[in-house]
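Input: a single structure, listed below in structure tokens.
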Amino acid sequence: MAVNLTGLTTYVEQNANQLISKASLGAPSLKYFNVQTGVKGKTAINLLNTTISLGNGRACGWNEAGVSKVTQREINPWVAKINQSFCDKAMIDYFLNAEVNIAAGRATLPAEEAFIADVIKGANEAVEDAVWNGVTIGGVKYNGLLDILAAEGVVQATVGATQFETVKNVYKAIPAAVLKDSAIFMGIDAYRELVMELVEKNLYHHPAYDNADVFEMVLPGTATKIIGVPGLNGKGATVALPLSETVYGVDMQNDQEVFKFWYSDDNQEFRLAINFNGGVQVAFLDNCVIAKAVVVDDDTPSGDETPTEGEDDEV
């Protein structure tokens with residue numbers, strides 16, 4: 001007996017808000033950062049940094065000292081869309097043929113929930129990559145964290161001969177004022193190497209290094225987390241960031257953010273449209289640390305492959 005999937009279209013209708021949130025905020029790295037909503041275009045992060053100077057309380061008079069400095073850094077978000085179509089009738093000759101409902105007025109996409117879940121998974125992977133490495137959309141490059149951390153003012157740490165040495169160098173370079181708020185990020189590839197190095201050093205007293213999709217540990221002898229994230233895979237970068245000062249900006253308050261799934265009578269196919277935005281920024285560059293090895297990227301585009309204005313990269 002075939003499974004009745006005629007009610008699956010309501011899955012999207014009833015969960016549209018949850019689905020757009022999963023698509024735009026589901027990247028693994030984002031759960032560690034400070035999310036700022038209401039970001040529709042270029043948006044300033046207002047920063048306050050107060051310097052206190054203690055004066056002589058035994059003396060009369062007004063002796064002003066110290067300053068509260070207000071500065072700004074800007075989130076420049078990308079605006080992305082995902083458009084996909086699904087022809088249910090193309091499935092008739094394949095494994096989902098029993099679920100294809102072709103009766104007039106009863107158009108239903110087989111395994112709709114599974115298709116949508118896989119699209120969201122792909123969106124999360126694209127956002128994760130954009131967070132760290134930036135993304136080019138419409139011929140415009142939007143910076144990721146590695147682009148931002150290439151600026152002057154970021155603390156530079158030495159790349160060691162091993163992952164453990166590199167992590168120690170990064171840890172020692174974290175400014176003391178933000179140590180409690182900081183975490184060290186690296187690619188999952190480098191993270192796994194680090195785990196093996198710790199095991200070889202007989203440092204077995206740390207907890208299990210991964211749990212499903214979570215790659216976290218505490219650097220032995222410290223309270224600082226080390227986190228493996230897919231956005232840094234193959235990048236040769238080990239980064240320390242103050243979590244409360246690392247901001248991911250999204251809208252999530254605007255009807256321009258869309259998660260829509262429908263059957264198009266005109267095109268005789270199912271269509272999926274997702275529109276959302278996102279952008280990343282760090283508050284104080286001098287509180288960040290990076291150790292970056294030289295990585296040869298065979299996929300680096302040549303000059304004649306540079307996107308031109310108006311071309312949309314898929315996200």
Side-chain angles (χ1 to χ4, degrees), residues 27-35 45 47 49-52 73 128 131-133 144-146 148-248 280-295:
S29 294
L30 297 187
K31 67 181 180 180
Y32 300 103
F33 301 154
N34 187 15
V35 175
I45 306 175
L47 312 172
N49 189 8
T50 301
T51 302
I52 297 297
R73 287 183 62 80
E128 172 73 13
V131 163
W132 289 99
N133 305 295
L145 285 170
L146 291 185
I148 293 169
L149 297 179
E152 293 184 10
V154 177
V155 181
Q156 303 291 319
T158 303
V159 176
T162 65
Q163 298 295 343
F164 187 42
E165 288 181 10
T166 300
V167 167
K168 287 193 298 181
N169 291 340
V170 170
Y171 172 78
K172 289 187 289 186
I174 297 173
V178 295
L179 181 59
K180 291 175 63 176
D181 185 41
S182 295
I184 298 173
F185 293 86
M186 62 198 317
I188 294 174
D189 52 352
Y191 183 94
R192 292 169 65 184
E193 290 182 27
L194 173 64
V195 170
M196 293 298 97
E197 291 171 11
L198 293 175
V199 171
E200 290 172 2
K201 292 178 178 296
N202 200 28
L203 300 180
Y204 293 103
H205 51 276
H206 58 80
Y209 77 93
D210 67 67
N211 178 16
D213 293 329
V214 178
F215 295 84
E216 289 184 11
M217 72 166 76
V218 174
L219 178 62
T222 77
T224 300
K225 273 188 179 181
I226 305 172
I227 302 167
V229 293
L232 287 175
N233 284 347
K235 302 303 177 182
T238 303
V239 176
L241 296 171
L243 302 184
S244 66
E245 296 180 6
T246 306
V247 180
Y248 183 73
V280 69
Q281 188 55 271
V282 290
F284 299 101
L285 289 177
D286 54 358
N287 285 338
C288 305
V289 181
I290 185 169
K292 184 75 165 66
V294 176
V295 176

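Computed from a predicted model, the values in this text were never measured in an experiment. Hydrogens, waters and symmetry mates are skipped; everything else that's a heavy atom, side chains included, is used.
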Heavy atoms only: give me the nearest [X]-[Y] pair and the separation to one decimal.
X    : Y    : answer
S182 : T224 : O-CG2, 3.8 Å
Y171 : L179 : CE1-CD1, 3.7 Å
A291 : T166 : CB-CG2, 3.8 Å
F164 : K201 : CD2-CE, 3.2 Å
N233 : I188 : OD1-N, 2.7 Å
L149 : C288 : CD2-CB, 3.7 Å

For a 4.5 angstrom cut-off between non-hydrogen side-chain atoms, does [X] reach [Y]?
X    : Y    : value
V195 : F215 : no
T246 : L145 : yes
V289 : P175 : yes

With a 3.5 Å distance limit and no angle check, can you tell me whether [X] reaches the backbone of [Y] through a side-chain donor-acceptor pair?
X    : Y    : result
D189 : G234 : yes
R73  : V282 : yes
N169 : A157 : no
E128 : G231 : yes
K292 : Q156 : no
Q163 : E193 : no
Y191 : M217 : yes

Which word best sums up how the rings of W132 and F185 line up, parallel for under 30°, tilted for 30 to 60°, or perpendicular for over 60°? tilted
Can you tell me how far the [atom1] atom of [X] sits from the [atom2] atom of [Y], to the nearest 0.5 Å?
X    : Y    : atom1 : atom2 : value
I148 : L241 : CD1   : CG    : 10.0 Å
N133 : L232 : CG    : CG    : 7.0 Å
L198 : M196 : CG    : CE    : 9.0 Å
N287 : E245 : CG    : CD    : 4.5 Å

Report the residue from T238, V159, L146, V170 that forms a side chain to side chain contact (heavy atoms under 4.5 Å, CB included) with I290. L146
